[in-house]
Every structure is written in C-alpha cells, then in structure tokens.
Amino acid sequence: MKRIVFNIIATGVLLLGLLVTGCNKMLDIKDPVNSITTNQVFQSDDQAAVALNGLYSYLISGGAKEVSSYGQLGNDLYSAGGITLAAGHSADELYHPALDGGYDYYVETTARITLLNLGYSQKLWNSAYKGIFNANALIEGVKGATSKEFTQAYRKRVLGEALAVRAMGYFYLVNLFEKIPLALSIDYNNTQHLPSASPDAVYQQIINDLEEALGYLSENYDGNNTERIRINKWYVKAMLARVYLFTKNYEKAWQQANDVISQTDLFKLESLDNVFSTSSREVIFQLKQSNTVNPRGNATPEGYSMTGRYLTPVLLNAFEAGDNRKTAWTRPIAGGPFTPAGFSPNKYKINSNNFVFGGQRTEYYVVMRLAELYLIRAEANMLRSAANKNAVIDDLNAIRERAGLNGLSYALTNQQVTDAIAQERRIELFAEWGHRWLDLKRTNKATEVLSQIGYKQPWSQHELLYPIPPDEILRANQLSQNIGY
C-alpha cells in the first residue's frame, strides 16, 4: 500500500486542486493552480474550496497519472465505474457470450483471478486508497489550519465531506478485499508498516467518520438544491443506513433510511426515464463528470463504458413479465458477424455511440439514490421483526409500482417477503456500484448462486475476495494475502 498511498507525500505538495487538469468547476471558485502546499490551501475559504473540488474531481475523473495512463476513464477508478464493471462480472450480471480469455473482464467473469492475472482488482485498490489519501490530506489540513480567513463554517464543510469520502472508500475496500490497512493519516512514519485491520475495525471507523460528518454538514444542497453534486447530511445518513444494514444493526439501518425517505420536500421516486438525470429528485448524491475528457465527452463513465457490455441471460430472465425496468434500463445489442446479439445496461442514455465532446450533460453519475433507501428500510424492517411485514410490503410496492408491476399481497409468507426483497434489490440495482456482488456475499448466497453457473466452474469460496496486490504486500511487510491466492 505504501506505493499507492504514501509516495505522494515525498513531494510535499497537495495536488487536490489539480487532480484533473481542465476539469469543469463544480463550484463557483477559482480554477486549480499548478500546485498548492498544505499551508497555502487552508489560508482561506476559497483556497480550501479548490482543494475540496479536487477531492471530487479525482473520484470522477482521476488524477494526472490516470488521465495520461488509462485513456478511457471509468474502468480504472473504483468510484467512476470500476466497481460496477469488476463486481458485475464477478457476480451474475455481466459477461461476454464468447467467454474469450482476451475479454477485459474474463478473469472476473469466470472466477479465474490469480496473482499473475489480477484483472482490475489492483486498479480498484489503487484508486480507492488514492481517494482516501486525498481525504486524509484535507482532514489533516483542516485540523492544522490557523488562518482567520478560513472560516469555521467552511472548516466544518470541508471536514464533513472529506470524512464521508474516506468512509466511502473504506466501505468498498473492506467489501472487496476484507482485511485491509486502515490509513488515517498522510504521515509516512505513521503508515509505512500498517498491518491489516479486521473488518470490524474498518466498519467501526466508517461509522465513526460518518457519524462525525453528520455534525458538520448542511441538510441542503448548493444552488437551491438544483444540483446534488456535493455530499450533505442526507447522503451521510443514507450511507450510514447501508453500513448499518451490512453490519446487522437493523434498528439503526431502518432509522437512518427512514430519516432520508421522510424528506419529501427534497426526495421522491422519479419516473424510470428521469432517475439518472441531472434534475432527478431521486438522487441523493451524484458526481459531475467533465464533458471534455477524451474520449468520453459528456457521457458518464458508466454510460460510456457500459455500451456493448452484455447482461447475462440469468439476469434477463429474472425480470418479471411487464417489468418496465427491462425496457427502460436495458438496450438491445443487434449483433453481427463478429458480435452476438444480446442486451446491455441502459440506465444512462448518453453512451459511447452518442456522446458529444463538450456537449451538454443531461445526466451525472449517480452514487446514491432514494430507491436503495426504500429497499434498505424494507430489509431492515423485516429483520427487526416479521410483525413489520405489511410496512415492508408497502416499501417494496413503491418500487414495483414505479416499474409498472402489480403490488405484492399482504398475504405473502415471511419467507416470500424476504425473497421479494432480494428480488427487488437484484432488479432495481443491477449494474450499479456492485450491489449484486456485495448482496450475494453479505447474505451468504454467493456460493449457492455462483456455483450453479457453468462458466464459473470450478467454483471456490476464496473467489469472494479479490487478491491484495502482491507488490503492496512486499512493501508493507505486515500485510497478508487473502486465502486462496
């Protein structure tokens, strides 16, 4: 991990404001300059805003290394499509019908990841820790700043948003790799020999960061709530709901989800065609991509990189008859002499076939949306007590009726309701942020489901975790490799 997270420190320069040269401003602040030292950044609100802007810019567009090295952005950043692509292929959502070893995600699709063929797991590790490093730099900068021109109100904002970004990075790392180093500083002396932390310790840190962030952040969005491209209190509560669900604290998961859903002046379920738009009131948090990244233009990372990606027949067959999500959120692949027919995800309408360099952005990259909170509230409520079954069914029916399906009956058995929750999560959240992969693992269904898929055989339980990049283990000698690699 030292190479990823800590070598940057040797430069003594905080590059948060220029992680992506030429990125569009997300706030009405000065453009990034060539380089900003930590002390300079936190001399005023404006300078801190540049650094905070850079924190988000990295998540959606990467830094100078990613721009110069990777070309097509999205595949290589955990926060800009990388999770969806890698985890979607590891689960039963995405594949290529030819099952060709030359396919980008062949090893994830077929459960053949080895230390000699890491697939995209190393890029997920690298980009998540880089995002965490950026967040740590901001957190330390706020706590060490003394300038009176850096106001208390803006200090709280920077600190809250940075804590939430750090929590997001660790959430995905602990779920993909499990035993990971917990770096909470940019000080090389404190981090160079960090051991792997237990998953419980990582989750506790995530909760601590999110709970602390709640005390700093506003309930509103910038610009009279017209763009939801900055983290606020409601995203933090939504993330807490998810984390509490994963850690089996169902009472708190239900409460946090309920708090967000109750904000009807801000949030509502949108029509299927408007869920991912820039004006969507279903959005809790989204990332605003640059429209001048070559070759992506005004497309979101997933809109661009999902073009031509095949949905598995098992997923397509899981849609109920009459489910409008299949029509609205998938797109036929016609096929040809060298490509078979099929369907690809179509949640984002601007893709690699119709993007415009410098064109208008009518959709941003959605990180969290209200439908997930309905599903979290439903699952947590059922796990709190089966006596809540009718309220659980009401939440599921809100999602189903939006999709054009009949409502579920209150006469369903407890097991049928539990199965319905899993079904709605699978269909509503397909090809988004690895939800299916993480759900299969946390509900202990992964082996049962994936061991039945022929092209993933021979299946092994160790495939549920990605391998830790070997060079990180060599450099940080207290790290240990995940079993099976």
Side-chain angles (χ1 to χ4, degrees), residues 1-5 65-66 69-72 74-78 81-130 169 172-181 194-199 202 305 309-310 312 314 433-434 436-442 444-485:
M1 187 176 65
K2 290 187 291 183
R3 182 177 61 84
I4 308 314
V5 183
K65 176 181 177 182
E66 288 81 9
S69 301
Y70 295 156
Q72 179 184 323
N75 300 54
D76 304 286
L77 296 165
Y78 93 98
I83 292 284
T84 299
L85 285 162
H89 286 87
S90 291
D92 54 354
E93 292 186 318
L94 301 172
Y95 85 132
H96 193 283
L99 295 176
D100 184 349
Y103 180 57
D104 285 350
Y105 293 93
Y106 174 77
V107 295
E108 287 85 1
T109 301
T110 56
R112 288 172 172 78
I113 301 176
T114 70
L115 292 183
L116 298 177
N117 189 352
L118 295 177
Y120 279 83
S121 62
Q122 184 159 11
K123 293 174 183 177
L124 299 178
W125 174 282
N126 291 1
S127 61
Y129 270 114
K130 177 66 177 294
Y172 287 106
L173 282 168
V174 74
N175 275 283
L176 296 179
F177 298 95
E178 193 169 271
K179 293 183 179 180
I180 58 171
L194 282 175
S196 299
S198 71
V202 176
S305 60
R309 303 284 181 185
Y310 287 83
T312 61
V314 69
W433 286 87
R436 173 65 172 172
W437 178 239
L438 303 189
D439 284 347
L440 286 173
K441 296 203 303 176
R442 72 178 175 86
N444 297 316
K445 295 288 186 181
T447 293
E448 174 187 333
V449 170
L450 301 178
S451 63
Q452 302 302 310
I453 298 176
Y455 56 76
K456 292 186 181 290
Q457 306 316 305
W459 172 256
S460 172
Q461 185 80 9
H462 84 272
E463 299 285 351
L464 296 178
L465 296 176
Y466 289 158
I468 295 172
D471 58 343
E472 303 303 328
I473 295 174
L474 289 174
R475 290 178 171 85
N477 54 23
Q478 293 195 60
L479 296 182
S480 57
Q481 186 56 267
N482 285 326
I483 294 172
Y485 293 104

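Hydrogens, waters and symmetry mates play no part in the numbers below; they use all other heavy atoms, side chains included. Residues take their numbers from the sequence shown, with the count starting at 1.
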field: Sequence-distant partners of R442, salt bridge (Lys or Arg N to Asp or Glu O under 4.0 Å), two or more places apart
entry: E379, D439
query: Do the side chains of Y78 and N126 get nearer than 4.5 Å, heavy atoms only?
result: no
task: For the pair T114 (side chain) and N117 (backbone), establish whether a donor and an acceptor sit closer than 3.5 Å, ignoring hydrogens and angles.
output: yes
- prompt: Is there a donor-acceptor pair closer than 3.5 Å between any side-chain N or O of R112 and the backbone N or O of Q457?
  reply: yes
Nearest atoms (heavy-atom pairs only) where L479 meets P195: CD2-C, 4.1 Å
message: Under the criterion side-chain contact (heavy atoms from CB on, under 4.5 Å), I'd like the reasoning laid out for V202 against F177: C-alpha separation, chi angles, the key distance, then a yes or no.
response: CA-CA 12 Å; V202 176; F177 298 95; over 6 Å; no
- request: Keeping the roles fixed (side chain from E108, backbone from Y120), state whether a donor-acceptor pair exists under 3.5 Å.
  value: yes
- line: Which of I83, L77, D76 passes side-chain contact (heavy atoms from CB on, under 4.5 Å) with S127? It is L77
field: Nearest-0.5 Å distance that lies between atom CD1 in I473 and atom CD1 in I468
entry: 5.0 Å
task: Please round to the nearest 0.5 Å and tell me the distance separating atom NZ of K441 and atom CG of L465.
output: 5.0 Å
Check: residues 448-455 side-chain donor-acceptor pairs under 3.5 Å, at least two apart:
from: S451; atom 1: OG; to: T447; atom 2: O; distance (Å): 2.5

- request: Apply side chain to side chain donor-acceptor pair (under 3.5 Å) to Q478 and list each qualifying residue two or more places apart in sequence or on a separate chain.
  value: none
task: For Y103, check side-chain contact (heavy atoms from CB on, under 4.5 Å) against everything at least two apart and list the hits.
output: H89, H96, Y105, Y106, T109, R309
message: For D92 versus T312, what's the shortest heavy-atom pair and its separation?
response: O-OG1, 2.6 Å
message: Looking at K456 and A91, would you say the former's side chain and the latter's main chain have a donor-acceptor pair under 3.5 Å?
response: yes
query: Hey, does the side chain of Y129 reach the backbone of P181 with a donor-acceptor pair shorter than 3.5 angstrom?
result: yes
- prompt: Which atom pair, heavy atoms only, marks the closest approach of P470 to L118?
  reply: CD-CD1, 3.7 Å
- request: Report the distance from atom CG of L176 to atom CG of L438, rounding to the nearest 0.5 Å.
  value: 6.5 Å
message: Applying side chain to side chain donor-acceptor pair (under 3.5 Å), can you list everything that pairs with T84, at least two apart in sequence or on another chain?
response: E302
field: Contacts of Y466 that satisfy side chain to side chain donor-acceptor pair (under 3.5 Å) - sequence neighbours left out
entry: S90
- prompt: What's the spacing between I113 CD1 and H462 NE2 if we round to 0.5 Å?
  reply: 8.0 Å
- request: Quick one: closest heavy-atom pair of G119 and V107, and the distance?
  value: CA-CG2, 3.7 Å
Heavy atoms of other groups near L115 CG, more than 12 under 6.0 Å: yes
message: For G169 versus A128, what's the shortest heavy-atom pair and its separation?
response: O-CB, 4.4 Å
- prompt: Are the side chains of S121 and P467 in touch, meaning some heavy atoms are under 4.5 Å apart?
  reply: yes
- prompt: Going by heavy atoms in the side chains, are N175 and Y172 under 4.5 Å from each other?
  reply: no
- prompt: Which heavy-atom pair separates S480 from S196 by the least distance, and what is that distance?
  reply: N-OG, 4.0 Å
